[in-house]
Amino acid sequence: MLDGGNSRKWTRRSVTTNTQGRNKSGQCSDPRKLRQEILDVTVSTSATLNLNKIETSQYQQIQHFDIRQLIAQNKDLASLVTVIVFDTETTGFSRERDHIVEIALQDLQGGENSTFQTLVNPECRVLNSHIHGITTNMVNRPDVPRMEDLIPILLKYVKSRQKPGGCVLFVAHNARTFDVPFLCNAFRRCGVDIPSDWLFKDTLPMGREAMKSEGSKPSSRSISLQALREHLGIPLDGSAHRAMSDVKVLAAVFQRLTFMLKLPLASLVEDAFTASEIGTPKKKSSR
DNA sequence: CATGGAAAATACCACTCTGA
DNA sequence: TCAGAGTGGTATTTTCCATG
């Protein structure tokens, strides 16, 4: 039924034909290439002008993009990239109103001090203790670091794991829309920039891709961290929804996914995103 | 509960085929 | 030649799902 009646808004679109395929009128099918083209134009036009805020952030994106490419093209990649799996527990879903209450990291290289875990004082009540078991009393104490206390320690820890001239690839499940935005906001509130050599990789699309390549039905394709863990036969070490046990699960899941999808470190780095690419909300139609 | 990306559903066009 | 059904392709909108 293509009638549609009067209740639905129809939008007239330009006439299309089936002879030109997707890339008609010179459109670029690869979003990254397209972005690069757009940015190239921005940079060349802004060369004679003062850079305003938007142009500056776009210019930063180019620099990050270049870092990713440079690193990915480097033959001795393992000596440049530090892979750190991380997970955060928060007081809720809102990145504006809610705060981090626990953070855990694991450097996949292993060795001494390869893990880092701490509770974080959110300086507000914890109303979702039933999720992770972290209560207001546990974190609202003078001996639990606030985010502004923790950031310098965190930066120092990551720096200690980082290789000279290299970058850090942070891996988290649903990183793009959860952990990284929370981290960005926490840094922003403290007036600290996330280092430009920090790259992020989300295991959620990797899980989706892996399940698809296995041919499992979309309806039975749950790609939550715990579903992936069960699917891959990874034992649960500790309780779910505590940062360090989730990190341990994710570390195993991540390594299995990279193996299943045959993803070399170079492509992981190239597909990674930066903190500057987070927090620019896309316009969404009302539902 | 907030948010955004992916997948699915829907809309609509050009074109082909078929029967009268 | 014409009308109508069917098909293929693309654009847009809606729904689902992941995170604490």
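Throughout, protein chains are lettered first and strands after them, A, B, ... in sequence-line order, and every chain is numbered starting at 1. Just so you know, these numbers use all the heavy atoms, side chains as well, and skip hydrogens, waters and symmetry mates.
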Quiz item: Which is true for A/Thr88 with a 4.0 Å heavy-atom rule: it touches a base, it touches only sugar-phosphate, or it touches nothing?
Solution: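 Contact class for A/Thr88: sugar-phosphate only.
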Practice problem: Using the ring of A/Phe273 (Phe, Tyr or Trp, six-membered ring only), decide whether A/Arg176 places NZ or CZ under 6.0 Å from its centre and within 45 degrees of its axis. | Solution: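 Verdict for A/Phe273: a cation-pi partner in A/Arg176.
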Length of the [atom1]-[atom2] vector between [X] and [N], whole Å:
{"X": "A/Ile100", "N": "C/dG20", "atom1": "CD1", "atom2": "C1'", "answer": "11 Å"}
{"X": "A/Ile223", "N": "B/dG5", "atom1": "CD1", "atom2": "P", "answer": "14 Å"}
{"X": "A/His173", "N": "B/dG4", "atom1": "NE2", "atom2": "C1'", "answer": "15 Å"}
{"X": "A/Glu230", "N": "C/dA18", "atom1": "CD", "atom2": "C1'", "answer": "16 Å"}
{"X": "A/Asp179", "N": "B/dT3", "atom1": "CG", "atom2": "P", "answer": "16 Å"}
{"X": "A/Glu209", "N": "B/dA6", "atom1": "CD", "atom2": "P", "answer": "11 Å"}
{"X": "A/Asp202", "N": "B/dT3", "atom1": "CG", "atom2": "P", "answer": "18 Å"}
{"X": "A/Leu127", "N": "B/dC1", "atom1": "CG", "atom2": "P", "answer": "16 Å"}

Quiz prompt | Presence of A/His132 side-chain N/O under 4.0 Å of C/dG20 phosphate oxygens OP1/OP2 | solution =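 Negative; the distance criterion is not met.
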Self-check item: Short side-chain N/O contact from A/Arg97 to OP1 or OP2 of B/dA2, under 4.0 Å
Solution: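 Answer yes for this pair, as a side-chain N or O of A/Arg97 is under 4.0 Å from OP1 or OP2.
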Quiz item: Is any side-chain N of the basic residue among A/Asp107 and A/Arg161 closer than 4.0 Å to the acidic one's carboxylate O?
Solution: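 Judged by the 4.0 Å cut-off on N to carboxylate O distance, A/Asp107 and A/Arg161 do form a salt bridge.
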Of the candidate nucleotides [options], which contains the atom at the shortest distance from the side chain of [X]?
{"X": "A/Arg95", "options": "C/dT19, C/dG20, B/dT3", "value": "B/dT3"}
{"X": "A/Glu89", "options": "B/dA7, C/dG20, C/dA18", "value": "C/dG20"}
{"X": "A/Asn174", "options": "B/dG4, C/dG20, C/dT19", "value": "C/dT19"}

Quiz prompt | Those residues of residues 241-251 of chain A lying under 4.0 Å from DNA chain C by at least one heavy atom | solution = A/His241, A/Asp246
Quiz item: Who are the side chain to side chain donor-acceptor pair (under 3.5 Å) partners of A/Gln255, not counting sequence neighbours?
Solution: none
Exercise. State which residues pass side chain to side chain donor-acceptor pair (under 3.5 Å) with A/Glu89; sequence neighbours excluded, sorted by chain then number.
Key: none
Quiz prompt | Aromatic ring of A/Phe178 stacked on base six-ring of B/dT3, 5.5 Å, 30° | solution = no
Quiz item: What pairs of residues pass the ring-ring contact (aromatic ring centres under 6.0 Å, His included) test when at least one of them lies in residues 74-110 of chain A, not counting sequence neighbours?
Solution: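 Only A/Phe86-A/Phe170 qualify under ring-ring contact (aromatic ring centres under 6.0 Å, His included).
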Practice problem: Give every residue pair that meets the ring-ring contact (aromatic ring centres under 6.0 Å, His included) criterion with at least one member in residues 101-156 of chain A, sequence neighbours excluded. | Solution: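 Matches after skipping sequence neighbours: A/Phe116-A/Tyr157.
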Practice problem: Using ring pair (Phe, Tyr, Trp, His ring centres under 6.0 Å) as the criterion, list what pairs up with A/Phe182, not counting sequence neighbours. | Solution: A/Phe178
